[in-house]
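Notes follow once the structure below has been shown.
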Amino acid sequence: QVQLVESGGRLVQAGGSLRLSCAASGRTFNNLVVAWFRQAPGKEREFVAAIWWNGGTKYYADSVKGRFTISRDNVGNTVYLQMNNLKPEDTAVYYCAAGTSPSIVTMTTGYNYWGQGTQVTVSS
């Protein structure tokens with residue numbers, strides 16, 4: 001069992017930066033795929049980025065490519081999402097998720113474990 005806790009969300013102006021953290025407890029991220037999803041009010045939860053813990057392969061949604069960076073801290077068992085050049089449309093609750101082998105990494109159904117979410121609000 002993995003418990004995930006996100007942190008780092010807050011109010012920021014457009015063009016600003018934030019770094020979100022996802023810390024795991026209960027077990028390590030070893031052999032898992034860890035992803036960030038987000039959900040804006042009235043919208044479905046959407047994929048943002050994913051990282052394969054073993055090997056470090058990364059994958060991004062087109063909407064964040066070039067602005068967001070997902071990374072991992074092996075020692076701290078933490079995954080980060082560095083978000084630069086934030087836009088008002090990035091406003092959402094951001095969720096961390098982990099799964100053993102999601103067949104399609106962009107789909108929520110592939111992930112067994114979820115955090116409680118952290119709010120990111122970007123003002124124009």
Side-chain angles (χ1 to χ4, degrees):
Q1 193 74 8
V2 180
Q3 290 79 45
L4 304 178
V5 178
E6 304 97 333
S7 61
R10 63 177 176 86
L11 173 66
V12 64
Q13 287 190 335
S17 298
L18 280 178
R19 188 176 80 160
L20 305 183
S21 300
C22 173
S25 61
R27 61 157 286 181
T28 68
F29 281 131
N30 195 37
N31 293 323
L32 296 180
V33 177
V34 184
W36 288 95
F37 286 78
R38 65 187 182 185
Q39 189 166 18
K43 295 187 177 181
E44 292 188 352
R45 195 168 296 190
E46 66 172 0
F47 171 79
V48 175
I51 185 167
W52 279 251
W53 191 260
N54 297 57
T57 299
K58 303 174 185 180
Y59 185 70
Y60 296 94
D62 287 343
S63 59
V64 305
K65 204 172 292 183
R67 299 189 298 124
F68 291 11
T69 302
I70 190 169
S71 63
R72 71 186 194 276
D73 174 0
N74 289 11
V75 175
N77 204 37
T78 301
V79 171
Y80 301 101
L81 184 68
Q82 177 66 43
M83 306 187 295
N84 298 328
N85 190 22
L86 283 160
K87 304 175 182 181
E89 51 263 42
D90 295 318
T91 295
V93 177
Y94 283 71
Y95 296 91
C96 177
T100 51
S101 57
S103 57
I104 302 176
V105 295
T106 59
M107 294 183 65
T108 59
T109 51
Y111 297 87
N112 311 91
Y113 310 107
W114 290 86
Q116 82 290 347
T118 185
Q119 176 71 48
V120 172
T121 303
V122 184
S123 64
S124 58

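Within the structure, disulfide (SG to SG under 2.5 Å) contacts touching residues 34-95 (residues at least two apart or in different chains) do not occur. The salt bridge (charged side-chain N to carboxylate O under 4.0 Å, His left out) pairs that include a residue from residues 62-83 are Asp62-Lys65, Arg67-Asp90, where partners are two or more places apart or lie in different chains. Applying the ring pair (Phe, Tyr, Trp, His ring centres under 6.0 Å) rule to pairs touching residues 91-124 yields Phe37-Tyr111, Phe37-Trp114, sequence neighbours excluded.
Both Leu18 and Tyr60 are part of a single hydrophobic cluster, where members link through side-chain heavy atoms under 4.5 Å apart. There is no path of hydrophobic side-chain contacts, each under 4.5 Å, that joins Val105 to Val64.
The shortest side-chain heavy-atom distance between Gln82 and Ser17 falls under the 4.5 Å cut-off. With contacts defined as side-chain heavy-atom distances shorter than 4.5 Å, the pair Tyr59/Thr57 does not qualify.
Side chain of Thr121 to main chain of Thr91: no donor-acceptor pair is present (N/O by atom type, distance under 3.5 Å, no hydrogens or angles). Lys58 places no side-chain N or O within 3.5 Å of a backbone atom of Thr69 that could act as its donor or acceptor partner.
Phe47 contributes atom CZ, which lies 12.0 Å from atom CD1 of Ile104 (distance to the nearest 0.5 angstrom). In this structure, CZ on Phe68 lies 9.0 Å from CG on Asn85, to the nearest 0.5 angstrom.
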Name the atoms and distances for all side-chain donor-acceptor pairs under 3.5 Å in residues 3-16, with sequence neighbours left out.
unit_1 : atom_1 : unit_2 : atom_2 : d
Glu6   : OE1    : Gln116 : N      : 3.0
Glu6   : OE1    : Gln116 : NE2    : 3.4
Glu6   : OE1    : Gly117 : N      : 2.9
Glu6   : OE2    : Cys96  : N      : 2.7
Glu6   : OE2    : Gly117 : N      : 3.2

Give the table of side-chain donor-acceptor pairs shorter than 3.5 Å for residues 24-35, with sequence neighbours excluded, one pair per line with atom names and distance.
unit_1 : atom_1 : unit_2 : atom_2 : d
Arg27  : NH2    : Asn30  : O      : 2.5
Thr28  : OG1    : Asn30  : N      : 3.2
Asn30  : OD1    : Asn54  : ND2    : 3.0
Asn31  : OD1    : Asn54  : ND2    : 3.3

Task: Evaluation steps, side-chain contact (heavy atoms from CB on, under 4.5 Å), between Ile51 and Trp36 - done: CA-CA 9 Å; Ile51 185 167; Trp36 288 95; over 6 Å; no
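Scored by the salt bridge (Lys or Arg N to Asp or Glu O under 4.0 Å) test, Glu46 finds Arg38 as partners (sequence neighbours excluded).
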